[in-house]
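Structure record follows, encoded as structure tokens.
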2 protein chains.
Amino acid sequence: MLQDSDAKAELDAIVETIVYLYTESRRLTKQAAREVGLTGPQLTVIKLLDTFGDLSLSTLSERIRAQNSTVTGIIDRMEREGLVLRERSTSDRRVVYIRLTPKGRQLSKDVEVQPMEIFRDVLATLSRDDTKDLLRILSKLQKRVRGLVKDRETEGR
Amino acid sequence: MLQDSDAKAELDAIVETIVYLYTESRRLTKQAAREVGLTGPQLTVIKLLDTFGDLSLSTLSERIRAQNSTVTGIIDRMEREGLVLRERSTSDRRVVYIRLTPKGRQLSKDVEVQPMEIFRDVLATLSRDDTKDLLRILSKLQKRVRGLVKDRETEGR
DNA sequence: CGCGAATACTTCGTACGCGAAGTATTCAGC
DNA sequence: GCTGAATACTTCGCGTACGAAGTATTCGCG
């Protein structure tokens with residue numbers, strides 16, 4: 001009966017591959033950003049702001065899956081470089097909106113690479129069926145992880 | 001003809017989900033490590049050394065997909081905490097082997113969580129067919145990314 | 001043998017990335 | 001309308017994470 005160890009090897013291979021795809025895409029994005037004097041996260045922020053318009057710092061944090069304290073630092077450095085501006089909301093003075101400067105907007109236009117671009121490119125080469133299968137299975141996984149995460153949060157109270 | 005925008009939305013969803021699964025698994029691993037006074041990478045290193053025995057710093061770097069300079073720092077801190085030892089190879093004096101101390105080995109036994117554990121757990125709930133499909137498609141993606149990466153490296157010379 | 005290239009690792013500077021604690025502002029309920 | 005809880009953001013300390021430059025050692029080849 002090799003089923004168990006086979007299954008385990010398959011799981012390892014899947015985890016290994018996901019980690020590879022993620023880290024490699026990230027590395028290549030970083031490399032592309034570098035060529036215009038940006039870091040990976042900074043490129044992501046610029047593209048988000050260019051696409052969605054001004055965003056509050058919290059919204060930005062959610063979008064790039066980072067803590068507010070992390071994004072504060074990223075915005076600090078981008079502000080120093082004249083790529084973005086901080087603007088207090090008048091309706092809720094706790095909120096800070098981040099806005100692209102002309103320089104920041106121009107830079108966004110200059111860089112055609114999207115975050116995780118390489119990953120997207122390669123995904124686009126999959127057959128229609130493979131794409132659908134992949135999304136279906138991944139969604140299943142995501143749903144279950146969300147369930148587990150919620151359980152842990154609840155249990156800790 | 002909505003095919004194009006549909007397809008694009010699907011790609012976005014896939015990328016989004018992969019990023020979610022990866023970052024969430026990482027976050028939860030970090031949390032588990034925290035409970036025994038370790039960081040995420042440190043837990044990973046301890047588990048690797050406990051499983052494979054002494055490893056050179058370079059081997060360790062490859063395994064955790066980080067640069068040597070990063071791992072040097074991680075090992076510095078672990079050595080300071082008495083979890084590992086550095087040992088010069090006698091056959092090649094450039095090489096440094098990293099070895100678990102009894103304290104480090106004990107800690108590894110104490111923590112039952114593997115790196116990316118949550119991801120593994122959830123993967124294990126997939127049907128046999130889904131698992132096979134997922135691995136098949138991901139392998140395809142990985143192969144193509146490897147191809148692209150190799151192309152870029154070659155073209156830059 | 002001898003010496004330039006390659007390899008293994010370290011050091012340094014900068015940028016994330018996080019959690020805990022702090023500040024300012026708004027909200028909720030009385 | 002007052003006050004304690006909640007929310008948005010910042011600050012701080014620490015640990016990655018990387019690339020470039022530096023050191024020590026080994027390899028390759030004439």
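Just so we're clear, the structure is a prediction, and the values are computed from it rather than from any experiment. Letters go in sequence order (proteins before strands), and every chain restarts at 1.
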Practice task
Would you please test Glu24(A) and Arg65(B) for salt bridge (Lys or Arg N to Asp or Glu O under 4.0 Å) and show each step?
Solution key: CA-CA 10 Å; Glu24(A) 200 61 18; Arg65(B) 277 180 207 293; 5.6 Å; no
Practice task
May I ask you to say what Asn68(A) touches in the nucleic acid, namely base, sugar-phosphate or nothing, with a heavy-atom cut-off under 4.0 Å?
Solution key: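 Base: the residue Asn68(A), judged by heavy atoms under 4.0 Å, touches a nucleobase.
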Could you list the donor-acceptor pairs under 3.5 angstrom formed between side-chain atoms of residues 74-81 of chain A and any protein atom two or more places apart in sequence or on another chain?
residue  : atom : partner  : partner atom : Å
Asp76(A) : OD1  : Arg86(A) : NH1          : 3.0
Asp76(A) : OD1  : Arg86(A) : NH2          : 2.9
Glu79(A) : OE1  : Arg86(A) : NH1          : 2.6
Glu79(A) : OE2  : Arg86(A) : N            : 3.4

Practice task
Identify the residue among Thr70(B), Thr72(B), Asn68(B) that makes a side-chain hydrogen bond (donor to acceptor under 3.5 Å, both in side chains) with Ser61(B).
Solution key: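 Single pass found, and it is Asn68(B).
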Expressed as a whole number of angstroms, how long is the span from [X]:[atom1] to [N]:[atom2]?
X	N	atom1	atom2	result
Glu79(B)	dG15(D)	CD	P	15 Å
Arg94(B)	dA24(D)	CZ	C1'	9 Å
Glu62(B)	dT7(C)	CD	P	13 Å
Leu38(A)	dC18(D)	CG	P	19 Å
Ile75(A)	dA8(D)	CD1	P	17 Å
Asp76(B)	dT11(C)	CG	P	7 Å

Exercise for the section: Indicate yes or no for a side-chain donor-acceptor contact from Ser89(B) to the backbone of Val96(B) under 3.5 Å, with no hydrogens or angles considered. Expected result: no
Problem - Test item: Arg88(B) side-chain N/O and Arg93(B) main-chain N/O as donor-acceptor pair under 3.5 Å - result: yes
Fill in the blank from the handout: Ranking Thr59(A) and Arg80(B) by the position along DNA chain D of their nearest nucleotide, the one closer to 5' is Thr59(A)
Exercise for the section: Ignoring backbone atoms, establish whether Arg88(A) has a side-chain N or O less than 4.0 Å from OP1 or OP2 of dA24(C). Expected result: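 Arg88(A) to dA24(C) OP1/OP2: no side-chain N or O under 4.0 Å.
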Exercise for the section: Kindly say if Arg93(A) contacts the phosphate of dT25(C), meaning a side-chain N or O under 4.0 Å from OP1 or OP2. Expected result: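 It does, given that an N or O in the side chain of Arg93(A) lies less than 4.0 Å from OP1 or OP2 of dT25(C).
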Fill in the blank from the handout: Counting primed atoms, P, OP1 and OP2 as sugar-phosphate and everything else as base, the B/S/- map of nucleotides 16-21 of chain C against protein heavy atoms under 4.0 Å is SBBBB-
Handout entry: Geometric cation-pi criterion Arg63(A) and Phe52(A), 6.0 Å radius, 45° cone
Key = yes
Practice task
Test the Arg146(B)-Tyr20(A) pair against the cation-pi criterion, namely NZ or CZ under 6.0 angstrom from the six-membered ring centroid and within 45° of the ring axis.
Solution key: yes
Handout entry: Nearest to side-chain heavy atoms of Val95(A), which nucleotide of dG15(D), dA8(D), dT10(C)
Key =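 Given the options dG15(D), dA8(D), dT10(C), the side chain of Val95(A) is closest to dA8(D).
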